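See below for the structure under consideration.
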2 protein chains.
Amino acid sequence: MTERDAEGQALDLRLIRVMRNMASALFGSLERDIDSYGLSAETFQILELLYNKGPHPIQKISDKFSIPSGSITYVVDKLEKKGYVERLPIPGDRRKTNVTLTGEGRSYFDNIFPKHAQTISDNLSFATDEEKLELIAVLKKIGYGISDRQGKGNENENRSDPLS
Amino acid sequence: MTERDAEGQALDLRLIRVMRNMASALFGSLERDIDSYGLSAETFQILELLYNKGPHPIQKISDKFSIPSGSITYVVDKLEKKGYVERLPIPGDRRKTNVTLTGEGRSYFDNIFPKHAQTISDNLSFATDEEKLELIAVLKKIGYGISDRQGKGNENENRSDPLS
DNA sequence: TTAGGATATTAATTCGTCAAGATACAAAAA
DNA sequence: TTTTTGTATCTTGACGAATTAATATCCTAA
């Protein structure tokens with residue numbers, strides 16, 4: 001990789017520091033919000049996935065969120081104990097298990113999601129819509145760049161739902 | 001807090017998703033780099049602090065990085081066992097303990113920091129300098145906004161080294 | 001059939017946090 | 001003064017959360 005001159009490097013270090021602080025303030029705030037619903041950021045995202053895209057095999061969830069295979073059982077167990085999801089066998093392949101939202105899980109998410117979305121908007125209210133569009137464009141470019149450079153084995157991934 | 005219309009809300013959700021994915025790609029990449037030096041993101045940042053700003057009392061470090069008081073002992077222990085830092089009493093207050101870089105810690109950091117800085121530049125190379133400056137401005141604004149709203153008890157913090 | 005891989009769980013372990021405790025300082029009361 | 005009360009600092013030990021490595025079951029293709 002090409003080396004940067006001292007000045008450019010200093011700019012990069014400044015940017016990474018601002019990013020770290022912003023991320024810590026923003027995601028910290030969102031995590032506290034999610035915590036108030038009795039969930040973790042991780043379990044919230046899993047519920048969100050099931051809510052928006054229906055049942056998923058355990059392994060898909062594990063992949064999507066980079067949760068180790070040994071941990072995903074533990075995580076799904078917790079959600080199952082709370083009554084928000086259930087495990088269902090997948091016909092045709094008895095190795096797989098589908099995770100699906102229960103009625104209770106759905107209505108709980110119906111309840112908390114709008115609140116959380118409002119918290120997100122509150123936290124992002126310090127930028128204008130124009131700035132937000134600019135952020136989306138640039139941050140996407142960076143995220144893509146990094147993921148593509150790494151993912152030398154994932155070329156066939158869903159590019160219509162980028163970075164998802 | 002004022003509520004957003006559906007369209008604005010959708011923009012916010014888009015932005016937060018892009019931010020999450022970007023952060024996970026970027027910080028994941030940086031963490032893997034740091035991991036290759038046998039450190040965690042947290043311990044790396046502590047070494048960086050001691051390197052740039054000299055010895056710090058344990059409690060300052062604990063505060064700065066929001067590490068619980070029970071955990072900071074554990075973290076400093078690990079760095080001490082590796083020989084990178086040592087604990088020294090602070091004259092005048094026997095409750096406090098200073099954490100300082102050892103010679104070994106300093107030369108180790110001398111060695112790894114330039115490598116890590118290069119990794120940072122590599123990961124940020126997908127944005128132009130102009131875009132980076134724009135990012136710094138907007139992300140700072142968001143980070144400030146969130147921190148200031150929360151920190152109703154921290155008005156007296158160091159604003160010349162913002163969000164640090 | 002059999003060999004190899006995919007999927008999920010279990011058990012052991014590691015990691016980090018919390019609550020409680022030990023010590024020291026500082027300020028107010030006696 | 002000295003005593004008391006409250007607070008700050010750090011560590012300890014018990015605990016829970018999350019990961020790893022090993023295991024059980026199942027599928028696919030040679």
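Given the structure is predicted, the values throughout are model-derived calculations rather than measurements. Residue numbers start from 1 in every chain, and the chains themselves are labelled A, B, ... in the order their sequence lines are given, proteins ahead of strands.
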Exam field: side chain A:Ser121 to backbone A:Gln118, donor-acceptor pair closer than 3.5 Å: no

Touch class at under 4.0 angstrom, heavy-atom based, for B:Thr97 against every strand present: sugar-phosphate

Touch class at under 4.0 angstrom, heavy-atom based, for A:Lys78 against every strand present: sugar-phosphate

5' precedence on DNA chain C between B:Tyr74 and A:Ile90 (nearest-nucleotide basis): A:Ile90

Start and end of chain A contact along DNA chain D [non-hydrogen atoms, under 4.0 Å]: D:dA17 to D:dC27

Donor-acceptor under 3.5 Å (B:Ser147 side chain, B:Tyr144 main chain): no

Any residue meeting salt bridge (charged side-chain N to carboxylate O under 4.0 Å, His left out) with A:Asp93, in chain and number order, not counting sequence neighbours: A:Arg95

Atom pair CD (B:Gln59) and CD1 (B:Ile72), whose distance is rounded to the nearest 0.5 Å: 10.0 Å

First encountered from the 5' end of DNA chain D, between A:Gly92 and B:Thr73: B:Thr73

A:Ser66 or B:Pro57, whichever maps to the more 5' nucleotide of DNA chain D: B:Pro57

Inter-residue atom distance B:Arg87.CZ - B:Asp77.CG, 0.5 Å rounding: 4.5 Å

Note, A:Ile136 side chain near B:Leu11 side chain (heavy atom, < 4.5 Å): yes

Beyond-backbone contact of A:Ile142 with B:Leu135, side-chain heavy atoms, under 4.5 angstrom: yes

Whether A:Phe44 and A:Phe109 hold their rings parallel, tilted or perpendicular, with breakpoints at 30° and 60°: tilted

Boundaries of the chain A footprint along DNA chain C (any atom under 4.0 Å from a heavy atom): C:dG5 to C:dT10

